[in-house]
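Shown next, in structure tokens, is the structure this report addresses.
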Protein chains: 2
Amino acid sequence: MTLLQTTVSDACCAPTSSREPLGASEADSLAHTLKAIADPTRLRLVSIIAASTEGEVCVCDLTDPVGLSQPTVSHHLKVLVDAGILSREKRGTWAYYSLVPGGLSSLATQVAGV
Amino acid sequence: MTLLQTTVSDACCAPTSSREPLGASEADSLAHTLKAIADPTRLRLVSIIAASTEGEVCVCDLTDPVGLSQPTVSHHLKVLVDAGILSREKRGTWAYYSLVPGGLSSLATQVAGV
DNA sequence: CATAGACATTGACAACCGTCGATGTCTGCT
DNA sequence: AGCAGACATCGACGGTTGTCAATGTCTATG
């Protein structure tokens with residue numbers, strides 16, 4: 001999905017930069033992931049899941065803490081899953097959401113390295 | 001609209017969380033900063049400045065690499081300054097933008113710690 | 001003083017986003 | 001089979017955002 005294009009634009013002549021800045025496609029990809037957590041509700045959802053002792057929380061236990069409707073919470077969770085931050089596992093009637101291991105730290109590393 | 005519900009919902013019986021999740025105001029604040037860099041153009045601007053040998057770049061040298069108009073670039077730079085990621089110094093006719101020391105790494109730490 | 005250049009600000013517009021109610025889909029139970 | 005509960009999806013609506021052209025502000029220079 002994400003094409004890691006590390007094209008050397010012009011490494012020959014102009015040493016105006018000490019290293020290569022982000023390319024357009026890399027910036028698009030990183031921005032897409034950052035947008036996923038750049039929302040107060042989604043930050044809280046991730047935080048609640050991360051703080052849970054079981055490591056996973058079902059939707060019914062997430063609507064109350066954030067004070068939003070169930071469809072809205074489901075929407076936010078879908079955004080987080082699509083961004084590779086959360087993963088979803090359905091067991092019976094319930095859907096359990098948990099953190100993707102290393103997802104947040106990988107994102108943090110990318111932010112620090114921009 | 002936002003009722004700061006930091007009340008312990010049921011701390012008596014169900015130890016469902018190992019630590020306290022993000023409060024509403026903390027989530028708002030962090031989301032605001034994350035929104036600032038959750039944009040491909042702003043990520044590239046920050047990256048260009050970070051990659052520059054001088055550590056600072058004026059607006060006129062930023063419009064071409066991102067391919068946007070000067071007002072748009074100025075707008076993005078203002079967002080980044082307001083978020084505490086960039087700082088602005090005006091010398092003569094030019095405005096030089098540079099990274100706030102520790103700004104990005106502090107943000108990265110907060111992301112990893114959510 | 002007048003002019004030109006660098007940058008910021010304003011106003012407008014289309015696209016996107018967060019939210020909700022209504023509805024659909026699946027699972028487990030009686 | 002029928003029903004109830006948990007969750008996802010859809011359609012709609014207001015608010016936000018990224019972008020530009022036009023304009024304003026300041027600085028240096030002739």
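Keep in mind that the numbers below use all heavy atoms, side chains included, and drop hydrogens, waters and symmetry copies. Order of the sequence lines sets the chain letters (A, B, ...), proteins ahead of strands, with each chain counted from 1.
Residue whose closest nucleotide on DNA chain D sits further toward the 5' end, between B:T93 and A:A95: A:A95.
A:V79 and A:Y97 are not part of a single hydrophobic cluster, where members link through side-chain heavy atoms under 4.5 Å apart. A chain of hydrophobic side-chain contacts below 4.5 Å, direct or via other Ile, Leu, Val, Met, Phe, Trp or Tyr residues, connects B:I49 to B:V66. B:L30 and B:L104 fall within a single hydrophobic cluster, where Ile, Leu, Val, Met, Phe, Trp and Tyr side chains are chained together by heavy-atom contacts under 4.5 Å.
Put simply, B:S74 has no side-chain N or O that comes within less than 4.0 Å of OP1 or OP2 on C:dC7.
Here the nucleotide nearest the side chain of B:R42, chosen from D:dC20, C:dG18, D:dG18, is D:dG18. In this structure, the nucleotide among C:dC20, C:dG18, D:dC7 sitting nearest to the side chain of A:C60 is D:dC7. Closest approach to the A:W94 side chain among D:dT19, C:dA8, D:dC7 is made by D:dC7 (side chain taken as heavy atoms from C-beta onward). The side chain of A:C58 lies closest to D:dC7 when the candidates are D:dC7, D:dG18, D:dA21. Nearest nucleotide to the B:P71 side chain, out of D:dG18, D:dA8, C:dA8: C:dA8.
Applying the side chain to side chain contact (heavy atoms under 4.5 Å, CB included) criterion to A:P40, with sequence neighbours excluded, gives B:A27, B:D28, B:A31.
Here D:dC7 presents its C1' atom at 13 Å from CG of A:D61, a figure rounded to the nearest Å. Look at NE2 on A:H76: it is 15 Å from C1' on D:dT9, rounded to the nearest Å. As rounded to whole Å, 16 Å separates atom C1' of C:dA6 from atom CD of B:E56. For A:L68 and C:dC17, the CG to P distance is 18 Å, given to the nearest whole Å. Between the NE2 atom of A:H75 and the C1' atom of D:dT9 there is a distance of 12 Å, given to the nearest Å. Between the P atom of C:dG18 and the CZ atom of A:R44 lies a distance of 16 Å, rounded to the nearest Å. For B:L43 and D:dG18, the CG to C1' distance is 14 Å, given to the nearest whole Å. Per the geometry, CD belonging to A:Q70 stands 11 Å off C1' belonging to D:dG5, to the nearest Å.
Within the nucleic acid shown, B:Y97 comes within 4.0 Å of sugar-phosphate atoms alone, with no base atom in reach, counting heavy atoms only.
Listed in residue order, the members of residues 78-91 of chain B having a heavy atom less than 4.0 Å from DNA chain D come to none.
Comparing the helix axis at one end of the helix from C:dC1-D:dG30 to C:dT30-D:dA1 with that at the other, each defined from 5 consecutive pairs, gives an inter-axis angle of 10° (nearest 10°).
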